[in-house]
Asker: 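Next up is a structure, given as structure tokens.
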Amino acid sequence: MSSSGLDLTRVVDEKLKYLSQRHQALASNVANADAPGYKAKDVQKPDFRKVLDASVSALAAARTHPSHLAGNSIVPSVYPLVTRATTDELNPNGNNVSIEQEMQQVAVNASDYQLALGVHMSMDKLFNIALGQQSKSKK
């Protein structure tokens with residue numbers, strides 16, 4: 001049996017985790033738009049190809065004996081928060097947050113999150129069908 005569906009589930013879960021953490025960073029930027037000296041932050045975008053590759057290699061390297069070392073995942077549980085490099089001018093108070101730019105990024109992030117969540121929910125439905133479970137219809 002191919003594990004590609006499970007690998008895709010892991011990648012989608014990681015994408016949701018990344019987008020959730022990014023939303024928190026963007027919300028913090030909006031909240032600190034007038035804070036003197038505040039520098040806009042963002043979450044470092046992971047290479048989701050590496051996430052998928054790590055998922056595949058984790059399945060391939062089975063621990064067949066108790067004395068074998070367990071493999072390490074390269075997937076972080078928390079993505080690094082970095083100060084955003086920007087060429088925009090600073091506000092007079094030393095702050096580099098542009099509320100318009102932040103709101104645009106919040107909208108894009110929310111759209112990406114909804115897309116990934118839709119993929120995740122569709123995959124859950126497919127797994128339930130494969131397991132012979134009836135989907136709960138909303139009335």
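Position 1 is the first residue of the sequence, and the numbers go up from there. Just so you know, these numbers use all the heavy atoms, side chains as well, and skip hydrogens, waters and symmetry mates.
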Asker: Other than Val82, which residues form its hydrophobic cluster under the rule that side-chain heavy atoms must be closer than 4.5 Å?
Answerer: none
Asker: Mind checking who shares a hydrophobic cluster with Val97, ILVMFWY linked at side-chain heavy-atom distances under 4.5 Å?
Answerer: Tyr38
Asker: Between Leu16 and Ala116, what is the shortest heavy-atom contact and its length?
Answerer: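 Leu16 and Ala116 have their closest heavy atoms at CD2-CB, 3.7 Å.
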Asker: Evaluate side-chain contact (heavy atoms from CB on, under 4.5 Å) for Leu26 paired with Asn109, printing each intermediate quantity in order.
Answerer: CA-CA 9 Å; Leu26 295 173; Asn109 195 67; 4.1 Å; yes
Asker: Donor-acceptor pair, Asn91 side chain versus Asn96 backbone, under 3.5 Å?
Answerer: no
Asker: Tell me whether Ser122 contacts the main-chain N or O of Gly118 through its side chain, where contact means a donor paired with an acceptor under 3.5 Å.
Answerer: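 At least one qualifying donor-acceptor pair exists.
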Asker: Output the distance between atom NZ (Lys15) and atom CG (Leu115), rounded to the nearest 0.5 Å.
Answerer: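 Output value for this atom pair is 8.5 Å.
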Asker: Strictly by salt bridge (charged side-chain N to carboxylate O under 4.0 Å, His left out), give each pair with a member in residues 20-40 just once, sequence neighbours left out.
Answerer: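 Every salt bridge (charged side-chain N to carboxylate O under 4.0 Å, His left out) pair that includes a residue of residues 20-40, provided the two are not neighbours, is Arg22-Asp42.
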Asker: Is there a path of hydrophobic side-chain contacts, each under 4.5 Å between heavy atoms of I, L, V, M, F, W or Y residues, that connects Val106 with Leu19?
Answerer: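 Cluster IDs for Val106 and Leu19 differ.
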Asker: Closer than 3.5 angstrom, by distance alone: can the side chain of Asn29 be matched with the main-chain N or O of Ala40 as a donor-acceptor pair?
Answerer: no
Asker: Side-chain heavy atoms under 4.5 Å apart, restricted to Ile/Leu/Val/Met/Phe/Trp/Tyr: what other residues fall into the cluster of Val30, or is it alone?
Answerer: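 Ile99, Met103, which link up through side-chain heavy atoms under 4.5 Å apart, make up the rest of the cluster.
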Asker: Rounded to the nearest 0.5 Å, what separation is found between the OG1 atom of Thr9 and the CE atom of Met123?
Answerer: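 If we round to the nearest 0.5 Å, Thr9:OG1 and Met123:CE are 3.0 Å apart.
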Asker: Tell me, please, which residues at least two apart from Leu81 pass side-chain contact (heavy atoms from CB on, under 4.5 Å).
Answerer: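 By the side-chain contact (heavy atoms from CB on, under 4.5 Å) rule, Leu81 matches Ala25, Lys41, Val43.
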Asker: Hey, could you give me each pair passing salt bridge (charged side-chain N to carboxylate O under 4.0 Å, His left out) that has a residue in residues 98-113? Not counting sequence neighbours.
Answerer: Arg84-Glu102
Asker: With rounding to the nearest 0.5 Å, note down the distance linking OH in Tyr18 to NE2 in His23.
Answerer: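 One gets 13.5 Å once the value is rounded to the nearest 0.5 Å.
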